[in-house]
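One structure below.
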Amino acid sequence: MGSLIALWAGIPQQLQGLVIMVAEILGVMIAVILGVAFLTLAERKVIGWMQIRIGPNQIRIFGLPYFKGLAQPFADVIKLLLKEIIVPTNADKVVFLIAPLIALVPSLSTWAVIPFSPEFVLADIDAGLLYILALTSLGVYGIILAGWASNSKYALLGAMRSAAQIVAYEIAMGFALVGVLMAAGSLNLTDVVRSQAGGMLHWHGLVLFPLMIIYFIAGIAETNRAPFDVAEGESEIASGFHVEYSGATFATLFALPEYANMILVATLAPVLFLGGWLSPFEGLLPPGSLLAAPSFIWLFVKILWFLFCFLWIRATFPRYRYDQIMRLGWKLFIPLTLVWIGVECVMAWYKFGPWARL
Amino acid sequence: MLTTILFYFYATVLVGSALGVVLARNPVRAALFLVLAFFTSAVLWLLLEAEFLGIVLVLVYVGAVMVLFLFVIMMLDINVAELRAGFTRYAPLGAVIAGLMIFEIVYVVWVKHLGYDLAAVGTPLAAGESNTKALGAVLYTDYALPFQLAAVVLLVAIVAAITLTMRRRPGYKQQDVVAQVATRKADRLRIMKVEPEKRR
């Protein structure tokens with residue numbers, strides 16, 4: 001141990017910073033990937049319980065008699081990684097193999113600007129909100145390239161549906177974020193969280209309630225989750241853009257980005273609207289008490305709640321028809337967000353809510 | 001030092017991908033090279049600490065415009081051979097236009113200087129300074145009117161695009177949602193009284 005400390009002290013300062021940075025990045029990525037793994041399990045378990053089934057209950061960790069089914073995601077991953085990758089004969093091979101990576105990279109790199117706790121954020125950049133908008137809009141490339149490169153009509157149809165849907169909902173999502181940055185007065189995510197300090201009544205979700213709902217629904221649509229999962233549409237187009245993918249490419253194209261984006265939306269919703277790592281009891285309890293202190297645990301609880309909502313919605317609603325999705329996105333959400341931005345202007349003029357402190 | 005290395009790396013990628021746009025045989029691949037070109041030029045802007053412009057470039061061009069471009073190109077059945085047939089005929093015109101554009105850029109950057117001190121471009125921002133905030137301040141004060149004008153032009157473009165697609169075409173079939181919702185049971189359903197068959 002002593003020699004390790006001496007070794008660490010021997011490294012030049014800049015290199016130390018680099019090593020710490022890489023370790024932090026790896027930590028966040030591993031946490032996200034583990035989150036994805038257990039989210040797949042939670043999805044199957046929760047929906048199973050909702051439908052009065054049992055869900056995965058066979059595979060145990062090292063054969064321990066407790067937590068039956070807990071190792072199911074690892075079994076799934078190992079199975080997928082060991083399977084053969086089949087490239088269709090008439091596929092564009094380069095694009096076919098790059099597409100899963102293009103889907104994966106934005107969904108992981110977005111985590112760089114997420115403020116996890118008052119102290120910990122990988123890159124506290126000024127234009128954090130814009131960065132997130134830009135990177136989430138890149139995720140669609142993986143899907144449409146996968147659909148086109150497969151050279152299969154079902155895959156192409158799925159890709160087209162997905163592209164149209166994501167472009168439609170991205171505008172509503174962008175306007176919802178405009179509302180947030182109007183209230184916070186900053187594009188920096190740490191500042192957005194700080195501007196909600198002072199207890200539950202100061203959270204943006206209160207004055208921006210319609211925007212929060214729209215953001216979350218647009219998030220469900222952008223991640224192609226049920227009830228907006230027409231890009232897959234098992235019953236009509238045989239599972240859409242990833243119909244030709246198998247093995248590891250399937251895992252990196254479909255499972256990993258989709259679930260990582262789910263966790264991302266479930267993380268951003270509390271960061272933007274429900275006070276991020278701030279405690280809901282701030283100002284209600286005496287300052288200095290443990291429950292009122294801001295910490296990662298509060299953010300974690302909020303993330304879990306939104307992830308549960310994802311699964312709940314999936315288990316509850318039937319799939320939308322395609323034209324209904326388009327109508328909801330273009331004709332309902334975009335006008336609604338615009339109206340609410342106007343309402344915000346009025347609130348800002350009369351110094352109401354978050355604008356009172358300006 | 002590191003910035004210079006990064007600049008030359010991304011500049012090389014940018015020029016390479018721009019060449020790829022022109023030289024790629026497959027239109028979809030050409031569009032993908034264009035995406036790469038946008039992305040690398042955004043990185044170059046980030047290196048100049050213009051993070052707002054860089055990210056907006058990715059957001060607007062890569063995230064929205066090129067997605068729709070790809071959307072259209074993928075749906076078309078493009079005959080590449082037919083497109084390439086006119087290459088030699090149009091090449092001189094293309095060269096003239098390219099030369100004109102290069103001349104314009106050189107003129108603006110080196111000859112005019114646009115009233116800016118070019119030596120100050122490479123200096124890093126002070127700690128409290130925000131590029132985004134400065135841009136907003138300029139955009140909504142000094143350039144408020146041109147900004148509004150640009151917004152009006154965009155609005156006109158939106159209205160024009162919608163009117164182009166909303167025209168009534170002959171033989172156009174569409175579901176009438178109102179009629180669907182307003183149907184009564186009596187319109188579609190007829191309940192027949194069927195006499196039960198006599199048991200023998």
Side-chain angles (χ1 to χ4, degrees), chain A residues 14 92 94-95 98-99 102 105-106 113 123 125-151 153 155-157 159-168 170-171 173-174 177 181 185-188 191 222 321 323-324 327 330-331, chain B residues 1-2 20 24-36 38-39 42-43 45-46 49-77 125 127-136 158 162 165 174-177 180:
Chain A
Q14 275 183 321
D92 188 325
V94 180
V95 181
I98 287 179
I102 293 180
V105 169
V113 295
I125 64 170
D126 252 345
L129 210 52
L130 264 182
Y131 174 84
I132 282 174
L133 256 184
L135 277 187
T136 47
S137 66
L138 291 184
V140 62
Y141 277 98
I143 291 174
I144 55 176
L145 289 182
W148 174 76
S150 306
N151 207 356
K153 51 188 144 201
L156 188 67
L157 280 174
M160 288 301 154
R161 286 179 173 197
S162 172
Q165 179 181 328
I166 288 181
V167 167
E170 206 169 70
I171 298 172
M173 193 184 231
L177 298 188
L181 69 94
S186 174
L187 283 168
N188 183 317
D191 288 348
E222 287 230 337
R321 208 172 63 202
D323 62 321
Q324 290 171 333
R327 197 173 68 209
W330 289 106
K331 292 190 179 168
Chain B
M1 180 58 197
L2 188 65
R25 282 165 178 272
N26 189 324
V28 173
R29 285 202 179 178
L32 287 179
F33 274 121
L34 191 56
V35 170
L36 183 62
F38 280 135
F39 206 86
V43 172
W45 281 357
L46 286 183
E49 298 197 8
E51 76 268 359
F52 182 81
L53 288 176
I55 295 175
V56 165
L57 182 75
V58 172
L59 179 62
V60 174
Y61 280 92
V62 181
V65 175
M66 288 314 293
V67 171
L68 295 177
F69 248 81
L70 274 175
F71 194 101
V72 173
I73 293 174
M74 284 175 183
M75 298 290 263
L76 297 177
D77 184 20
L125 287 173
E129 244 178 300
S130 164
N131 214 314
T132 316
K133 208 170 260 176
L135 196 71
I158 292 172
I162 291 174
T165 50
Q174 195 183 23
Q175 286 170 327
D176 188 352
V177 179
Q180 280 181 338

ask   = Between A/V140, A/V167, A/I144, which residue shows the highest count of heavy-atom pairs closer than 4.5 Å to chain B?
value =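 Max contact count across the listed options: A/I144.
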query = Got a sec: does the CZ of B/F71 have more than 12 other heavy atoms crowding it under 6.0 Å?
reply =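 Yes, CZ of B/F71 has more than 12 neighbouring heavy atoms, counting only those of other groups under 6.0 Å.
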B/F38 atom CZ, over 12 foreign heavy atoms within 6.0 Å =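 Yes, CZ of B/F38 has more than 12 neighbouring heavy atoms, counting only those of other groups under 6.0 Å.
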Heavy-atom proximity to chain A below 4.5 Å, by part of B/L57 =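 Contact with chain A: none, neither part.
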request  = Measure distances from B/V60 to the heavy atoms of chain A and classify the residue's part below 4.5 Å as side chain, backbone, both or neither.
outcome  =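 Interface part for B/V60: neither.
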ask   = From B/R29 CZ over to B/I73 CD1, what is the distance, rounded to the nearest 0.5 angstrom?
value =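 Answer for the CZ-CD1 pair, B/R29 versus B/I73, is 14.0 Å.
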ask   = Side-chain contact, heavy-atom cut-off 4.5 Å: B/V62 with A/S137?
value =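 Of all side-chain heavy-atom pairs linking A/S137 with B/V62, none is under 4.5 Å.
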task = Find out whether B/Y61 and B/L34 are in side-chain contact, i.e. whether some heavy atom of one side chain is under 4.5 Å from a heavy atom of the other.
result =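 Sidechains of B/L34 and B/Y61: no contact.
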Sort [X] into side chain, backbone, both or neither according to what part of it lies under 4.5 angstrom from a heavy atom of chain B.
| X | answer |
| --- | --- |
| A/L187 | side chain |
| A/Y131 | both |
| A/A159 | neither |
| A/L138 | side chain |

query = Going through the distances and angles, do B/L32 and A/L145 end up as a side chain to side chain contact (heavy atoms under 4.5 Å, CB included)?
reply = CA-CA 9 Å; B/L32 287 179; A/L145 289 182; 3.7 Å; yes
